[in-house]
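Written out below as structure tokens is the structure these notes cover.
Note on naming: letters A, B, ... go to the chains in the order of the sequence lines (proteins, then strands), and numbering restarts at 1 for each one.
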There are 2 protein chains.
Amino acid sequence: MSTSSARPAGDPTPEPEREPAGATPTKESSLTLERGLNLLQAVADADSEAPTISDLANIVGVSRAAVYRLLGPLQSRGLVRREGSKVRLGLGVLWLAGKVVPQLRFAALPALRALAERVGATVHLTVADGNEAQAIAVVEPSWTSYHVAYRVGTRHSVQRGAAGRAVDLSEEGPKWITSVGELQPGAYGVAAPVRGVAGLRASVGVIAMEPLSPDEVGPLVVRTCSAVADALG
Amino acid sequence: MSTSSARPAGDPTPEPEREPAGATPTKESSLTLERGLNLLQAVADADSEAPTISDLANIVGVSRAAVYRLLGPLQSRGLVRREGSKVRLGLGVLWLAGKVVPQLRFAALPALRALAERVGATVHLTVADGNEAQAIAVVEPSWTSYHVAYRVGTRHSVQRGAAGRAVDLSEEGPKWITSVGELQPGAYGVAAPVRGVAGLRASVGVIAMEPLSPDEVGPLVVRTCSAVADALG
DNA sequence: GCGCGGTGTTCGTTTTACGGACACTTTTGT
DNA sequence: ACAAAAGTGTCCGTAAAACGAACACCGCGC
């Protein structure tokens, strides 16, 4: 939550206060929406056993009448669907997911571009989806005569390529990974995982036609990963 | 807004039974949740221009204070994230999307199984994601000596294979599509698109090792598509 | 038959969310 | 440079919205 460096308005200066016992540090929340999203989450959590209305009322901790009210808006947007008396996730979720990728890409682009121009090679952001990895953003340097063209949307196993293996790189151990000709003969890769963004398995990678100097490029990639993580977190 | 409101009022339940009593199309709704989801949608709709709090207040038609309150729950679940003073979609959406596929698969399985047993060949449900198609459910017949093994998760271009081309089959024209050896030499395919489920581009296909009788199998596939559409809609 | 576990809707009450106002900081503009 | 504009974040009293118990109802099994 807004770990961004620049905090716009002043809240670190509790100067004009007369708040005796600050019970909650400004708990901004809306109970109804909270419950509505709890409901959505409860539906999502039930993988194979579709919950009934009553089940949901129990899980979320509200009356059944409330579940009906909350289900309305959820349903009209296709986030949930009713199948007889069972409730399941709806396809509106997929629509939303389709919208998140461009925004994710957009947010990460500046950091990727900086790296691409710096090292003069193609840079990409890859996210894991199950045990497949997919490139969601690619940036090519603007000043080179030759560089590798890498297509957005490329998918491969998370076990292949520097970018693939990097997404699940353990906390300890090497900070980055290199590969030679794993996905494409003659292609040299360096990649590092993006850490610190909850729910995201991703990596930033560099692809070049000539061997990269790992000691030089590696740290740059790692730094870009941090930048990307900041941009997304 | 969008097409989501295209919910046929009449409950399309060709499913035999289970429907308790006459479902009265009562407009159950919760204003707060409605607004909260509108907010989420507003954030999703802004592809490249990240909206500010004030923007969102204008778009959704509520006071800024309300936006703050609504943003709380949304943010804590990672559905949106704040980037300085801009608001973007969060990664919780991807998490949700990951949960919808198994439920989708589960819902469609009975219809697929029925078809597989009927024609004695492997049946699969394929959904399009961008210009790639991915098999999310595969059912193999239980009584055949030989059948094609097809892996869940297989991806290919939407232009290839009967299942791929079927997802974007226009309303007019053929009801189903056949293919021979397009993805795999010696494999014969018949596929038809799943229609009527808003926001979903999908197809049901049959794969066999021997030529299928289109006139016989085609209508069956189409019928299965309807069944699947009903199960999901 | 009767209870049991479901759904769907109503109604009066009070909790919840509303939005104008304020204090403040950052950016814009002449 | 300074002023004006636009932005954020938070307070408050008020009114409207959401709450949950209760009701009417249906299908199933003991």
Starting at the 5' end of DNA chain C and moving along, which residue's nearest nucleotide shows up first, A:Ser30 or A:Tyr68?
A:Tyr68

A:Ser54 has a side chain; which of D:dT8, C:dA17, C:dT7 sits nearest to it?
C:dT7

Starting at NZ of A:Lys86, measure out to OG1 of A:Thr52 and round the result to the nearest 0.5 Å.
8.0 Å

Nearest-angstrom distance from the residue atom CG of B:Leu70 to C1' of D:dA17
13 Å

For A:Leu33 and C:dT16, give me the distance from atom CG to atom C1', rounded to whole Å.
13 Å

With A:Val190, which of A:Val222, A:Val221, A:Val123 fulfils side chain to side chain contact (heavy atoms under 4.5 Å, CB included)?
A:Val221

B:Thr144 versus B:Gly120, closest heavy-atom pair with distance:
CG2-O, 3.5 Å

Whole angstrom is fine here: how far is it from CD in A:Glu34 over to C1' in D:dC19?
16 Å

Check each residue of residues 56-63 of chain A for a non-hydrogen atom within less than 4.0 Å of any atom in DNA chain D, then write out the ones that pass by number, or none.
A:Val62, A:Ser63

If you check the B:Ala65 side chain, which of D:dT10, C:dG6, D:dA18 turns out closest?
D:dT10

Separation of atom CD1 in A:Ile53 from atom C1' in D:dC26, rounded to whole Å:
16 Å

Interatomic distance, B:Arg69 CZ vs D:dC12 P [rounded to whole Å]
14 Å

Measure CG/B:Leu74 against C1'/C:dA17 and give the value in whole Å, please.
16 Å

Calculate, to the nearest 0.5 Å, the distance between atoms CG and CD1 belonging to A:Asn58 and A:Ile53 respectively.
12.0 Å

Value rounded to 0.5 Å, distance of OG1 in B:Thr32 from CG in A:Leu31:
9.5 Å

Salt bridge A:Glu34-B:Arg77, side-chain N to carboxylate O under 4.0 Å
yes

To the nearest 10 degrees, the angle between the two end axes of the helix from C:dC2-D:dG29 to C:dT30-D:dA1 (five pairs per end) comes to 40°

Is the base of C:dG8 touched by the side chain of A:Arg64 through a donor-acceptor pair closer than 3.5 angstrom?
yes

So, using ring-ring contact (aromatic ring centres under 6.0 Å, His included) as the criterion, who are the partners of B:Tyr68 when residues are at least two apart?
none

Could you tell me the separation between the CG atom of B:Leu89 and the CZ atom of B:Arg81, rounded to the nearest 0.5 Å?
8.0 Å

Rounded distance (Å) that lies between atom C1' of C:dT16 and atom CG of B:Leu31
12 Å

In whole Å, what is the span from the CZ atom of B:Arg35 to the P atom of D:dA17?
8 Å

Between B:Lys86 and A:Ala66, who's closer to the 5' end of DNA chain D by nearest nucleotide?
B:Lys86

Return yes when atom CZ of A:Arg105 has more than 12 non-hydrogen atoms of other residues, nucleotides or ligands closer than 6.0 Å, and no otherwise.
yes

